[in-house]
Engineer: 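I have a structure I would like to understand better, so I am pasting it below and will then ask my questions one at a time.
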There are 2 protein chains.
Amino acid sequence: MAVTLRDVADLAGVSFKTVSNVVNGYPHIRPATREKVERAIATLGYKPNPSARSLRSGRTGAIALAVPELNLSYFAELASFVIAAAEQSDLVTLVEQTGGDRDRELALLQSPRMRMTDGLILDPLGMRPEDADALDVAFPLVLLGERSFDWPSDHVTMRNVDATRAGTEYLIASGRRRIAVIGEHEDEVIGSARLRLRGYREALAAHGIEYDERIVAKATLWHRADGAHAMRELLARGAAFDAVFGFNDTLALGAMRVLQEAGVRVPEDVAVLGFDNLDEAAYSIPSLTTVDPGREWIARTAVETLLERIGPGGSKLPPRTRLADFEIVERESAPRM
Amino acid sequence: MAVTLRDVADLAGVSFKTVSNVVNGYPHIRPATREKVERAIATLGYKPNPSARSLRSGRTGAIALAVPELNLSYFAELASFVIAAAEQSDLVTLVEQTGGDRDRELALLQSPRMRMTDGLILDPLGMRPEDADALDVAFPLVLLGERSFDWPSDHVTMRNVDATRAGTEYLIASGRRRIAVIGEHEDEVIGSARLRLRGYREALAAHGIEYDERIVAKATLWHRADGAHAMRELLARGAAFDAVFGFNDTLALGAMRVLQEAGVRVPEDVAVLGFDNLDEAAYSIPSLTTVDPGREWIARTAVETLLERIGPGGSKLPPRTRLADFEIVERESAPRM
DNA sequence: TCGCGATCCTACAACGATGCAGAATCACGG
DNA sequence: CCGTGATTCTGCATCGTTGTAGGATCGCGA
């Protein structure tokens, strides 16, 4: 059926290993031979068989990226950067969606599908500290998102606590005192939600503002609809607030929409601050002030880190944690002052 | 290094072929033997080697999805559905980004990377009619998006002309007469842009409204920024309009943002209509009336169609074109009346 | 002329799985 | 007690490639 090294070799009148050598850029080949072979490759349209190649060499040329879902713009934009970075190194990217579900994340780590790739970049939204053992896998692994697993693996992440502390202080500096929050996870102990809440509380404490759980709203998933829902609940509770910090942009955007439906003016009555700096944050009405966590840097660095592990001697490297810088992007929904 | 069939066989005291039979669910195996083997598999943690498997069987268990970029929400949501549908059939999805660039699309069709998969779902944004020959590839291929290639391949797409005609008529029925358009491609002849423009013109003609190119704005890429840019240009031209039809939601949202910055009221002064029904269209201010092209159906159907081709006898099937139903979703930016 | 290292090419054995053909065992009717 | 067909298991060849080892050829100095 398909053209193989042998077919090319027959046409070129050399041994099939010589064709292999040409394809792989082995240096010691006479120009005449090389040309003969290349012509044969062109006329037959030979393309190497990646299965055979990786069976022999142990490398597949693919990496896997596992995120909760591409529906969430943050992960879509992240995936876009990861795929682009991988392509730079001639790797293809296989995308898995876990739904942020613990069981599916654990299953993925055990899955035979992982043997189709040279390594995995995983955002373990659902896993818990006691699942650390599951991270003891035979393939190179880079975790995204700040998590405190008791397991020495590579991490590429952002400074969640610092960033939300800075965000909250930004709101405080602009004169807000009653700062509501959307995105708490009730029983989660290691994820971004918990860390971001901590940064928020630290900032409050540093400025002598009391923590009031009546203006803290849960949202387990971070879709627009969840932000909208949380905001409706906050409004229903009746506790006053003059700012809202959405733990990501989609939550903030959903919340902002509900605020405006309810006749609340943004930012005059309530300032809104997001987290992620999605493309769309610049185009909402009003445009969204947000914390930019350095998505592109994270994506690029995750791929680099994984490649170092995959490469020769990679398994000997000590576990590394790499932190992105953040930045507050001022827009209309929360002016600096 | 890794555990193989042989290792399992040794531990279980059977031939390695028997282990293979167990793994593949061959029926004639004594329960006792099966159990022995399964226990050995479990203790050793055996996982089949997909490279070896696909070298032998010719099937890889992966499909490729090529879209312009995941940054564009439409494609992110589409990819999300495709990946989910593929997973239902135990296939992993390898995502490629072409940037909508003709050369990269053509290169992808020739790329050896394609041999890592059983087939490709491609949205050929940049290809031209004269590139039809490039579609003559050795692997199963399903095209997304309505294109008039002179090549008999499978298509899954939406009724672009009908949908934009209906959208335009919706605006006309609500009393608008000067309907601007954003998203024309100048020199493209086969893509959605051209088809959507045709639907628009058909609707105008049917209602005796003159086509005025002063209110038709180009946008080669369909990001929010492009919509914003196009709207600034429209405003600068000074030609009056009482509605805008963005050829996708992000264009419409970018344009809507600029309108409101300029003090134009939506929908009182100008109605805005989008196309795609993205998640975010429901949360903008005002929420976006839009044409829903049935993204999920398209994704599911594309995977199904590809699977039929991949399956036994698939290459004998006649080329098929499958059309999704569309629907106009009424929201605030363009009320029905 | 010979020896020797560089250069160019080839032969053979893997990598880990599956398909096929067939050997061994078993059940059961005549 | 044997023949026959189903059941259960094994052995071998094979998929297309790369790594290793080594054979041929060549240039060049001794």
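Numbered from 1 within each chain, the chains take letters A, B, ... in sequence-line order.
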Engineer: Without decimals, in angstroms, what is the distance between A:Lys47 NZ and D:dC15 C1'?
Structural biologist: 19 Å

Engineer: Could you tell me whether B:Arg113 and B:Glu96 make a salt bridge, using a distance below 4.0 angstrom between a side-chain N and a carboxylate O?
Structural biologist: yes

Engineer: In whole angstrom, what separates A:Arg6's CZ from D:dT18's P?
Structural biologist: 13 Å

Engineer: Could you pull out the closest heavy-atom pair between B:Leu109 and B:Met127, with the gap in Å?
Structural biologist: CD1-SD, 4.0 Å

Engineer: Do you see a donor-acceptor pair shorter than 3.5 Å between the side chains of A:Thr60 and A:Ser54?
Structural biologist: no

Engineer: Identify which nucleotide among C:dA17, D:dT8, C:dC15 has an atom closest to any side-chain atom of A:Leu55, counting heavy atoms from C-beta outward.
Structural biologist: C:dC15

Engineer: Grab the CZ-P distance between A:Phe16 and C:dT10 for me, whole Å please.
Structural biologist: 11 Å

Engineer: Between C:dT10, D:dT18, D:dC9, spot the one nearest the side chain of B:Ile29, thanks.
Structural biologist: D:dC9

Engineer: Hey, does A:Asn21 reach any base, or is it just sugar-phosphate, or nothing, if we go heavy atoms under 4.0 Å?
Structural biologist: base

Engineer: Taking for each residue the nucleotide of DNA chain D with the nearest heavy atom, is it B:Pro31 or B:Arg115 whose nucleotide lies nearer the 5' end?
Structural biologist: B:Pro31

Engineer: Taking A:Glu105 for the side chain and A:Gly126 for the main chain, is one N or O donor matched with an acceptor at less than 3.5 Å?
Structural biologist: yes

Engineer: With nearest nucleotide decided by heavy atoms, which residue, B:Tyr26 or B:Asn49, maps closer to the 5′ end of DNA chain C?
Structural biologist: B:Asn49

Engineer: Please tell me if B:Thr18 has a side-chain N or O lying less than 4.0 Å from either OP1 or OP2 of D:dT10.
Structural biologist: yes

Engineer: Are OP1 or OP2 of D:dT18 and a side-chain N or O of A:Ser20 less than 4.0 angstrom apart?
Structural biologist: yes

Engineer: Between atom CG in B:Asn24 and atom C1' in D:dC9, what is the gap in whole Å?
Structural biologist: 15 Å

Engineer: With a non-hydrogen cut-off below 4.0 angstrom, is B:Val23 in contact with a base, only sugar-phosphate, or nothing?
Structural biologist: nothing

Engineer: Specify the separation, in whole Å, of atom CG of B:Leu5 and atom P of D:dT10.
Structural biologist: 13 Å

Engineer: Using 4.0 Å as the upper bound for N to carboxylate O, is an ion pair formed by A:Lys316 and A:Glu308?
Structural biologist: no

Engineer: Which part of the nucleic acid, if any, lies within contact of A:Thr4, taking any heavy atom under 4.0 Å across all strands shown: a base, the sugar-phosphate backbone alone, or nothing?
Structural biologist: sugar-phosphate

Engineer: What does B:Pro50 touch in the nucleic acid at a heavy-atom separation under 4.0 angstrom: a base, only the sugar-phosphate, or nothing?
Structural biologist: nothing

Engineer: Nearest of C:dT18, D:dT7, C:dG16 to any side-chain atom of B:His28?
Structural biologist: D:dT7

Engineer: I'd like to know if B:Arg56 reaches the base of C:dT18 with its side chain such that a donor and an acceptor end up less than 3.5 angstrom apart.
Structural biologist: yes

Engineer: Counting distance alone, no hydrogens or angles: does the base of D:dG19 have a donor or acceptor under 3.5 Å from a partner atom on the side chain of A:Lys17?
Structural biologist: yes

Engineer: Indicate whether the side chain of A:Arg322 and that of A:Thr305 have a donor and an acceptor atom separated by less than 3.5 Å.
Structural biologist: yes

Engineer: Is any side-chain nitrogen or oxygen of B:Arg30 closer than 4.0 Å to OP1 or OP2 of D:dT7?
Structural biologist: no

Engineer: If each of A:Ser51 and B:Gly13 is mapped to the nucleotide of DNA chain D with the nearest heavy atom, which maps nearer the 5' terminus, i.e. the 5' end?
Structural biologist: B:Gly13

Engineer: Rounded to whole Å, how long is the line connecting atom CZ of A:Arg53 with atom P of C:dA14?
Structural biologist: 22 Å

